[in-house]
**Q** 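Below are the structure tokens for one structure; questions will follow.
Bear in mind the structure is a predicted one, so any value in this text is a computation, not a measurement.
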Amino acid sequence: MADSRVQFSDIYLATEPYVRCVGQVRLGASGIGWKAAEGEAEALQGLSIPGLSLPAGMLALQRDDLRRLQWQRVARGYGLRVYLKNGTMHKLDGFAADDFETLRDGVKRLLHGLTLETRDISTKGWNWGKTDFEGTTMTFRVENRPMFDLPMSQVSNTNLANKNEVSVELQPPRAKGLKRKGAPDELVEIRFYVPGTTTTTGKKSESDNEDAQKEKDSGDEEDEEVSAASALYETIKDRADLGQVTGDSIVQFPEILCLTPRGRYSIDMFSNFLRLRGKTYDYKIPYDNVQRMFLVSKPDELHMMFIIGLNPPIRQGQTRYPYLVLQFVRDEEMAIDVNFSADDAANKFKGRLREHYDEPLYRIVANVFKGVTDKRLTEGGDFRGYHGAQGIKASLKASEGTLYPLEKGFLFAPKPTLFIPHSDIASILFSRVEASATNKMRTFDLKLNMHGTQDYQFVSINREEHASLEEYMTEHGIKMLSELNETTSVSYKGMDVDSDDGGVNKVAVAGVAALGMESDEDSSPDEDFVAESGSDSDMPEEYDEDYESPDDGEDD
């Protein structure tokens, strides 16, 4: 019995990144098995690895499912790559160099028909080569030797950055409870420059002509010349299963207006992630990335905004979008059926989803998101502005939007979307509030002084909103400062250039007083000063009606 299997200890299951779990590998006539060591299986909880049984932490790969076995150099010594016939690949790392012969002999003796291949990694350091797809993995090769692999299961988005450039965004899966903070550095995006054109083979297009239809049905194909970048983009999109709609989706929302990022997107919701499909960009967003959700009404009372906070944010090139802002017409209603199994309803969603919805569309979307993500949905609070709206119009720098005072923070939307918790605010300052004969401004500014971060200043707020904002600050215990008490230094803020007295003179007087000097307006006249004769006016003939010219007597 001792010769019926081969065993190795202290081997890592490296199929998913960021997971450090050591176990034991056994080779037998029935296949390959891995079992977590005692106390190590906890690191695997929450992962979804094909063939891995939890909570025991056992991975069983049957002999009939194995396709290839490869031995290669890895970060933890040497590793075994196990390719299955369904396209899945499992990684087992931590072998020693001396284990190669033992493993090779064991595969030859126990797993008939399979051989242990040696995979030599290219170390030239070139950044040009060729791509090759095997199952759900893309391999970049240099001189026909692999340099690195990109698992298509970790691709969250891909797009044509330009005519000859393909961008691939990666987001590795994480175990439940495994936080991103403190994790090692990771690759989040890679770009391929693909020049030239290539020929692709596709079906002929449909035609009303019977002959054309017969050719299509018989499987005749035609060649089409496209750019090589476009061909690679479509291949990655297909292998990563992006932008495709399958029958496993829970619910689909077509053509939803999205304010950030701008455009109309179709939303396909699955058990563990959602797909955001647009004309140019497609995104795969795991529900674990959803951090916050808000449902608020726009000041026009005709539209609703559903805001989804994401971490990490989605990207379009160099632009990051930490929030999705969806807009709905308040009166638009829809009736939909939710497609989920009885097992998901009882175990995964635990009654948070209904089988049928018949209500306003914005309410359906919000409730479905709340059910699948199991995150809190924050709606507009008790605050009401002067005209009864949930928010007040304001501007942040050059961007106009709406400021929503909520129960635990301030929300500014739609662009840039910001959520500022009350706990991060040190104090607030109202500027240009006091109305006077010389200050007839109809708006005021609101400055949020933050704890250790940049301050935010919202401007052009209607003066009528001041009373309700001041009451809100008092109710939530937020410290308020007046503009006069904030600083004693000379400031030009709030200066009314349209005043009759002239704002420059006021500031000048204040500046002189601050230096301990007296201005001309407050000083007493100098009684010792005696004006010289003739100094009253340099041009008396223009201003003195009693002036007599020296030539007046000569005419007589």
Side-chain angles (χ1 to χ4, degrees), residues 155-159 169 171 237-238 240-296 298 303-316 319-341 344-345 348-349 352-379 413-415 417:
V155 175
S156 60
N157 183 38
T158 180
N159 59 76
E169 297 179 21
Q171 183 174 320
K237 194 173 179 181
D238 293 341
D241 199 23
L242 294 175
Q244 299 179 4
V245 180
T246 65
D248 297 331
S249 63
I250 296 175
V251 66
Q252 302 175 18
F253 300 106
E255 298 296 320
I256 300 297
L257 177 60
C258 192
L259 302 182
T260 305
R262 191 74 179 177
R264 287 193 175 271
Y265 290 83
S266 296
I267 302 176
D268 304 319
M269 308 195 70
F270 296 82
S271 297
N272 300 311
F273 63 92
L274 66 93
R275 288 198 181 106
L276 202 63
R277 299 184 296 112
K279 293 182 178 179
T280 306
Y281 297 96
D282 296 325
Y283 298 97
K284 180 180 178 182
I285 305 175
Y287 294 137
D288 292 339
N289 292 3
V290 177
Q291 303 297 315
R292 296 186 178 97
M293 295 184 295
F294 304 93
L295 183 63
V296 293
K298 297 191 72 173
H303 297 87
M304 298 292 294
M305 287 192 299
F306 180 51
I307 302 171
I308 307 167
L310 302 175
N311 184 25
I314 62 175
R315 302 172 62 190
Q316 288 184 3
T319 306
R320 297 158 59 92
Y321 293 99
Y323 289 91
L324 297 179
V325 182
L326 311 180
Q327 179 172 295
F328 303 89
V329 178
R330 180 187 287 270
D331 297 333
E332 183 180 0
E333 296 189 359
M334 178 179 288
I336 64 169
D337 294 322
V338 180
N339 177 30
F340 56 87
S341 63
D344 286 341
K348 189 175 183 62
F349 302 125
R352 296 190 300 269
L353 288 179
R354 305 200 306 262
E355 294 183 0
H356 181 76
Y357 289 89
D358 187 2
E359 53 191 350
L361 179 58
Y362 73 86
R363 180 60 63 182
I364 296 176
V365 174
N367 288 338
V368 171
F369 265 87
K370 181 180 179 181
V372 297
T373 61
D374 195 19
K375 298 294 175 63
R376 179 185 175 187
L377 174 64
T378 302
E379 301 192 35
K415 188 176 181 180
T417 307

**Q** For the pair Arg264 (side chain) and Glu255 (backbone), establish whether a donor and an acceptor sit closer than 3.5 Å, ignoring hydrogens and angles.
**A** yes
**Q** For Lys375, look at atom NZ and say whether over 12 heavy atoms of other residues, nucleotides or ligands are found less than 6.0 Å away.
**A**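 Counting other residues, nucleotides and ligands, NZ of Lys375 exceeds 12 neighbours.
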**Q** State the CG-CD1 distance between Leu377 and Ile308, to the nearest 0.5 angstrom.
**A**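 Leu377 atom CG to Ile308 atom CD1 measures 10.0 Å (nearest 0.5 Å).
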**Q** Within the structure provided, determine whether Glu333 and Ile364 are in side-chain contact (heavy-atom separation under 4.5 Å).
**A** no
**Q** Working to the nearest 0.5 angstrom, can you tell me the gap between Met305 CE and Leu257 CG?
**A**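 Output value for this atom pair is 11.5 Å.
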**Q** Yes or no on side chain to side chain contact (heavy atoms under 4.5 Å, CB included) for Ile314 and Arg320, after CA distance, side-chain angles and deciding distance?
**A** CA-CA 6 Å; Ile314 62 175; Arg320 297 158 59 92; over 6 Å; no
**Q** How long is the gap from CZ on Arg277 to CG on Asp282, to the nearest 0.5 Å?
**A** 7.0 Å
**Q** Flag yes if more than 12 heavy atoms outside Glu355 fall under 6.0 Å of its CD atom; otherwise flag no.
**A** no
**Q** First locate atom CG of Leu353, then atom NZ of Lys370, and finally report the distance between them rounded to the nearest 0.5 Å.
**A** 11.5 Å
**Q** Do Tyr362 and Arg330 make a side-chain contact, defined as non-hydrogen atoms from C-beta onward lying under 4.5 Å apart?
**A**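 Yes, at least one pair of side-chain atoms sits under 4.5 Å.
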**Q** Quick check: do Arg363 and Tyr357 have side-chain heavy atoms less than 4.5 Å from each other?
**A**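 A side-chain contact under 4.5 Å is absent here.
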**Q** Side chain to side chain contact (heavy atoms under 4.5 Å, CB included) between Val290 and Leu310: does it pass, once the steps are laid out?
**A** CA-CA 5 Å; Val290 177; Leu310 302 175; 4.0 Å; yes
**Q** Using every non-hydrogen atom in the two residues, find where Phe253 and Met269 come nearest and quote the distance to one decimal.
**A**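 Phe253 and Met269 have their closest heavy atoms at CE1-SD, 3.8 Å.
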**Q** Using every non-hydrogen atom in the two residues, find where Leu295 and Ala366 come nearest and quote the distance to one decimal.
**A** CD2-CB, 4.2 Å
**Q** Provide the closest heavy-atom pair for Pro313 versus Tyr321 in the form atom of the first, atom of the second, distance.
**A** CB-O, 3.3 Å
**Q** Are the side chains of Met304 and Gln327 in contact, using a 4.5 Å heavy-atom criterion?
**A** no
**Q** Taking the side chain as every heavy atom from C-beta outward, state whether Ile307 and Met293 have any pair of such atoms under 4.5 Å apart.
**A** no
**Q** For Leu361, run the side-chain contact (heavy atoms from CB on, under 4.5 Å) check against Asp331, Ile256, Leu326 and tell me which one passes.
**A**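 The option that passes is Ile256.
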**Q** Measure the shortest side-chain to side-chain distance between Leu276 and Leu324 over non-hydrogen atoms and say whether it is less than 4.5 angstrom.
**A**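 When only atoms from C-beta onward are counted, Leu324 and Leu276 do touch, with a gap below 4.5 Å.
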**Q** Let me see the working for Ile250 and Val372 under side chain to side chain contact (heavy atoms under 4.5 Å, CB included), right down to the final yes or no.
**A** CA-CA 10 Å; Ile250 296 175; Val372 297; 4.3 Å; yes
**Q** So, does Lys284 use its side chain to make a donor-acceptor pair with the main chain of Val155 at under 3.5 Å?
**A** no
**Q** Is any side-chain heavy atom of Arg292 less than 4.5 Å from a side-chain heavy atom of Thr378?
**A** no
**Q** For Lys298, does the NZ atom sit with more than 12 other heavy atoms under 6.0 Å from it, leaving out its own atoms?
**A**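 More than 12 within 6.0 Å, yes.
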**Q** Distance-only, no hydrogens or angles: does the Asn289 side chain make a donor-acceptor pair with backbone N or O of Ile285 under 3.5 Å?
**A** no
**Q** For residues Pro414 and Val325, report the shortest heavy-atom separation together with the two atoms involved.
**A**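 Closest approach of Pro414 to Val325, heavy atoms only: O-CG2, 3.9 Å.
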**Q** Test your reading of the model: is there a side-chain donor-acceptor pair from His356 to the backbone of Ile336, 3.5 Å cut-off?
**A**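 Yes, because the side chain of His356 sits within donor-acceptor range (under 3.5 Å) of the backbone of Ile336.
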**Q** For a ring pair (Phe, Tyr, Trp, His ring centres under 6.0 Å) with Phe369, tell me which candidate from Phe294, Phe306, Tyr287 qualifies.
**A**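 Only match with Phe369 under ring pair (Phe, Tyr, Trp, His ring centres under 6.0 Å): Phe306.
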**Q** In sequence, state the C-alpha distance, the side-chain angles, and the governing distance for Arg354 and Val338, and then conclude on side chain to side chain contact (heavy atoms under 4.5 Å, CB included).
**A** CA-CA 7 Å; Arg354 305 200 306 262; Val338 180; over 6 Å; no
**Q** Does NZ or CZ of Arg275 lie under 6.0 Å from the centre of the six-membered ring of Phe270, at an angle within 45° of the ring axis?
**A**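 Output yes; distance and angle both within limits.
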